[in-house]
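Right, one structure below, let's go through it.
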Amino acid sequence: MAAMSHTPSHPQTDAPIETRHGVCNLCEAICGLTFQVQGPKIISVRGNDADPLSRGHICPKAVALKDLHEDPDRLRMPVKRVSENGQTRWQTITWDEAFDLVVDNLARVREQHGPSAVAVYQGNPSVHNWGNITHGSLFLGQLKTRSRFSATSVDQLPHHLVGYWLYGHQMHIPIPDVDHTRFMLILGGNPLASNGSLMTVPDVRARFKALRERGGKLIVIDPRRTETAAVADEHHFIDPGTDAAWLLSVIHTLFEEGLVQPRHLASLLDQQEAVRTAVATFSPEAMAAHTGIDADTTRRLTREMAAADGAVCYGRMGLSTQAHGVVCQWAIQVINLLTGNVDREGGALLTTPAIDLIQLKLMGAGHFDVWRSRVRGAPEFSGELPVSVMAEEMLTPGKGQMRALITSCGNPVLSTPNGRQLDKALDGLDFMVSIDFYLNETTRHADVILPPTCAVEHDHYDLLFLHLAVRNVARYTEAIVPHGEGALHDWQIYAELARRYARRTWSLERANVRQRLTGMLTRGVMTRMPPHRLLALGLNRAKKGLSFKRLKAHPEGIDLGALQPSLVDKLQKRGRRIDLLPLGIRKELPHLMQVFPATAAAATAVPTAPSGQATLKLIGRRDVRSNNSWMHNSARLVSGKPRCTLWIHPQDASSRGLIDGQTVTVSSRVGQVSVPLHLTEDIRPGVVSLPHGWGHDRIGTDIKIAQAHAGASINDLTDDQLTERISANAAFSAVPVWIDAA
Ligand SMILES: Nc1nc2c(c(=O)[nH]1)N[C@H]1C(S)=C(S)[C@@H](COP(=O)(O)OP(=O)(O)OC[C@H]3O[C@@H](n4cnc5c(=O)[nH]c(N)nc54)[C@H](O)[C@@H]3O)O[C@H]1N2
Ligand SMILES: Nc1nc2c(c(=O)[nH]1)N[C@H]1C(S)=C(S)[C@@H](COP(=O)(O)OP(=O)(O)OC[C@H]3O[C@@H](n4cnc5c(=O)[nH]c(N)nc54)[C@H](O)[C@@H]3O)O[C@H]1N2
Ligand code: SF4
Ligand SMILES: [Mo]
């Protein structure tokens, strides 16, 4: 089956060459860019030196924005699936037909099975492309479905839950003050490859260099000696999934050695003594057997951190996506609080963005476990269920079964655990629509695909990541090149869906006259307002002296200064204190005592594979030239040696009679993949690492370059039943796997 796609119009070679300023929205670093364009053609992409945040930095992916723009495989008009004699064909249709088809089918499923039979999955670019933030909730809210999912639950969910518990808002996630800290402890994050996460930190290499030059220290704790470890003062290997034990032993040491000094936070902290008691059994000596980090190192690092004039502990993906992810992220906050480093220069601070979604009341505080999933009873967070349960909710018959799906900006078949099971689930749906410009592993299951414009074809203001940046800036950039004729932006797609769905489902609404009128009015106004008009209104309402006109005149960005303390003030204004031991953590700690006992001489036995061989612990890996599952159709990014290889310690290879470069079969409870082996001492014995986002060999896609560099999907091995114990976030780290020669 082949997708219809149109090649972009021919460059006008006689057009003048112009310079335009834009931004890369591929990862959280949001680097400022300078483009040279000629008519509709991009000639070059460089970093913008005048950008106050990224200061000229870019990574190899920025240039691939040009490839994305020109990609002949990219869909440019809606397509619908047509089945003829058992064969599938994709037929290009008009927007008008596509919208009606989508709205009719979604309304039909809702009429037959209720609103929650229609599920929604929003992927990672939903927060990178601002039109999704400004206009997505309008339509998605109208669905009145509880079957909402997003990439949050294969990612940062524990951070939100801990922010909500400790500071009263899901977006109160203090950001490391990288530019002023004197001691930074990183667990389970690799910013040199990822360019930072929940820490928008372009040019991180230079920032770490500066940290060390001012006498500061950078410490990395990771089962792999990463690119970040290579530029750090110290790296310590840790056994995957045991970070909670290590962090609790740090808290233990803070109390035992009298290092607790909350400074300006002292009067706000409740339950200090309860925390002391709760961590009593987690001594560094006892935990060393579990984590592999010796007690002397733990104690020394704790002392150094407590003594530093501005220190921060930071943990990312490797911590959030493991069985004890919430305890990990909670423990990190407690460490930063007890050492007086939250809301302190050089510690961890909240940002003060020009458009503050919290202040403007555009983002709620959050809620947890108000309802649960039907099959497994997993808790919702802020209206979303964890995506690990999505397939089973589609596959399990009965009242409440999910029967239709909207995906936008996502590729869950490659990015959520047990992707093969999800393939099966998507196959059985009554209807599926994807808002996406690629016919990929997920969208191939759709009945209709609605393709939006790509990054260089629309304007941008980073509504989300400016809340997470290591420096306060504001930056609005216009489209770099015109979009193709008849193309629609994500916000326009959502706006039209909202209008037509409201008309189609008028009779289903149980609203009174007043509610109906308000709904109509809001929809009428909102769906006709482009994101930049909303930005202008937001800036006016924020009253921070920043106008849209001024932003437009400075596409390089306006510097609003270093991070400033504001959290204590915010909490005090709300009369809120910090409960150091929320109930959810208190209830979980006894379990951790069982998993990480103080008395055991050695760590828990490694489970064995069906063949009797010891299992290995699977972890992930990011590479600077890759971006989750979807930038593999850029030839320049996938060229060179294949990157989807399984890293293994030479010791583990030789004990299995395996050699470097050999193709092996990796198996887990849920599946099997074949990948080449890469022997390296940069990984802890007992651990293997495979990057995610690969596996482009599934049939029925149309991404030719990616298909030619297929690799295998790690999520054909990760297990939908292995989840974080409190939030049911996916637990990607430490999945038991075994290896055989292929
Ligand atoms: N094993 C394992 N799995 C992981 C991870 C891991 O570390 N290990 N990481 C997880 C993490 S952190 C994340 S965030 C997820 C990401 O997982 P997802 O969010 O599910 O998927 P992406 O790979 O980001 O795919 C993005 C999709 O959006 C489309 N797209 C890109 N830009 C736009 C746009 O502007 N508009 C629209 N409508 N579509 C667009 C692309 O074509 C692509 O299909 O993966 C997770 N999965
Ligand atoms: N180049 C590139 N950049 C990206 C992305 C990408 O795909 N490619 N994705 C973007 C997205 S969506 C996100 S969320 C961010 C993620 O940003 P990061 O979290 O910085 O990225 P990762 O490389 O996944 O880092 C996770 C680290 O945790 C380690 N780890 C695994 N298990 C454990 C464990 O049990 N304990 C400890 N201590 N460490 C462990 C891994 O070895 C790895 O070094 O990156 C973003 N930036
Ligand atoms: S680090 Fe690379 S991918 Fe991330 S925003 Fe900057 S240029 Fe884009
Ligand atoms: Mo992510």
Side-chain angles (χ1 to χ4, degrees), residues 22-33 45-48 51 53-54 56-65 123-125 127-128 150-157 159 185-205 220-229 235-247 291-293 314-325 328 415 455 462 465 617-632 637 643 647 682-684 687 689 691-694 731-735:
V23 68
C24 175
N25 67 351
L26 290 175
C27 87
E28 296 176 40
I30 44 171
C31 299
L33 305 177
V45 186
R46 282 182 292 120
N48 185 352
D51 188 295
L53 183 63
S54 63
H57 173 266
I58 51 167
C59 84
K61 292 188 292 298
V63 187
L65 288 176
N124 169 272
V127 284
H128 289 264
S150 81
T152 292
S153 53
V154 281
D155 191 346
Q156 81 284 4
L157 176 51
H159 295 257
L185 175 58
I186 301 183
L187 297 101
N190 185 13
L192 263 288
S194 69
N195 288 294
S197 183
L198 297 185
M199 173 173 75
T200 282
V201 61
D203 203 12
V204 66
R205 185 186 291 276
V220 172
I221 295 189
D222 201 296
R224 178 165 82 83
R225 193 181 293 123
T226 60
E227 293 80 354
T228 307
H235 165 246
H236 303 280
F237 286 112
I238 188 166
D239 194 24
T242 68
D243 301 80
W246 190 76
L247 291 161
T291 63
I293 299 178
Y314 160 85
R316 238 345 241 126
M317 271 299 282
L319 262 64
S320 306
T321 54
Q322 56 165 279
H324 310 295
C328 284
S415 54
D462 218 293
F465 294 106
K617 291 181 182 174
L618 178 67
I619 63 167
R621 190 168 78 240
R622 279 179 161 78
D623 181 286
V624 77
R625 285 204 293 158
S626 184
N627 189 42
N628 294 326
S629 76
W630 69 282
M631 287 299 287
H632 297 151
L637 290 184
R643 260 164 286 138
W647 288 22
D682 285 341
I683 195 147
R684 193 177 194 269
V687 182
S689 160
H692 76 285
W694 299 90
F732 292 131
S733 285
V735 175

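Since we're looking at a predicted model, the values are computed, not measured. Every number for a ligand or one of its atoms is a count from 1 in the order of the listing.
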Select the closest option to [atom] among [options], judged by heavy-atom distance.
atom	options	result
atom 22 (P) of ligand 2	K617, R622, R316, H128	R622
atom 1 (S) of ligand 3	V204, V45, N195, V201	N195
atom 40 (C) of ligand 2	S689, C59, P223, P125	P223
atom 45 (O) of ligand 2	A29, S194, P191	S194

Treating [X] as the side-chain partner and [Y] as the backbone partner, does any N or O pair qualify as donor plus acceptor under 3.5 Å?
X	Y	value
K61	V624	yes
D623	R625	yes
S54	G32	yes
R684	P240	no

### Summary
For A62, the atoms of ligand 3 under 4.0 Å from one of its heavy atoms are 7 (S)

### Task
Please step through side chain to side chain contact (heavy atoms under 4.5 Å, CB included) for the pair C328 and Q322, ending with a clear verdict.
CA-CA 9 Å; C328 284; Q322 56 165 279; 4.0 Å; yes

For [atom], closest protein heavy-atom neighbour:
atom	result
atom 41 (C) of ligand 2	D222 OD1, 3.4 Å
atom 6 (Fe) of ligand 3	C31 SG, 2.3 Å
atom 2 (Fe) of ligand 3	C59 SG, 2.3 Å
atom 3 (S) of ligand 3	K61 CE, 3.3 Å
atom 31 (C) of ligand 2	S733 OG, 3.5 Å
atom 16 (C) of ligand 2	M317 CG, 3.6 Å

### Query
Any idea how F465 and H128 line up, ring-wise: parallel (<30°), tilted (30 to 60°), or perpendicular (>60°)?
tilted

List ligand 2 atoms under 4.0 Å from [X], heavy atoms only on the residue side.
X	value
K61	1 (N), 2 (C)
L319	37 (C), 38 (N)
I619	31 (C), 32 (N), 42 (O)
D623	1 (N), 2 (C), 8 (N)
A193	1 (N), 2 (C), 3 (N)
N627	5 (C), 6 (C), 7 (O), 8 (N)
V624	1 (N)
G188	19 (O), 25 (O), 26 (C), 27 (C), 28 (O), 29 (C), 37 (C), 38 (N), 39 (N), 40 (C)

Would you give the length of the straight line joining atom [atom1] of [X] to atom [atom2] of [Y], rounded to the nearest 0.5 angstrom?
X	Y	atom1	atom2	answer
E28	N124	CD	CG	7.5 Å
R622	N627	CZ	CG	8.5 Å
S689	R224	OG	CZ	5.5 Å
L26	L65	CG	CG	4.5 Å
H57	D51	NE2	CG	11.5 Å
H235	T228	NE2	OG1	10.0 Å

### Task
For atom CZ of R205, decide whether the heavy atoms of other residues, nucleotides or ligands shown that lie under 6.0 angstrom number more than 12.
no

### Message
Below 4.0 Å from ligand 2: does a non-hydrogen atom of A734 turn up there or not?
### Response
no

### Message
Between ligand 2 and Q156, can you find any atom pair, the residue atom being a heavy atom, that is separated by under 4.0 Å?
### Response
no

If you measure every N/O of [X] against every N/O of ligand 2, is any gap under 3.5 Å?
X	answer
S626	yes
I221	yes
D155	no
G196	no
N628	yes
R224	no
D239	no
D243	yes
T226	no
G241	yes

Contact partition for [X] relative to ligand 2, non-hydrogen atoms under 4.0 Å:
X	result
P240	both
N190	both
Q322	side chain

### Query
Is atom 8 (Fe) of ligand 3 under 2.8 Å from any N, O or S atom of C24?
yes

### Query
Can you list the steps and then say if L187 with L247 is a side chain to side chain contact (heavy atoms under 4.5 Å, CB included)?
CA-CA 10 Å; L187 297 101; L247 291 161; 4.1 Å; yes

#### Entry: Heteroatom N/O/S of C27 within less than 2.8 Å of atom 6 (Fe) of ligand 3
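Looking at C27, which is the residue asked about, there is no N, O or S atom under 2.8 Å from atom 6 (Fe) of ligand 3.
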
### Query
Is it the side chain, the backbone, both or neither of I30 that has a heavy atom closer than 4.0 Å to ligand 3?
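Backbone only.
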
### Query
Stepwise, does the side chain to side chain contact (heavy atoms under 4.5 Å, CB included) test hold for V220 with T226?
CA-CA 9 Å; V220 172; T226 60; 4.2 Å; yes

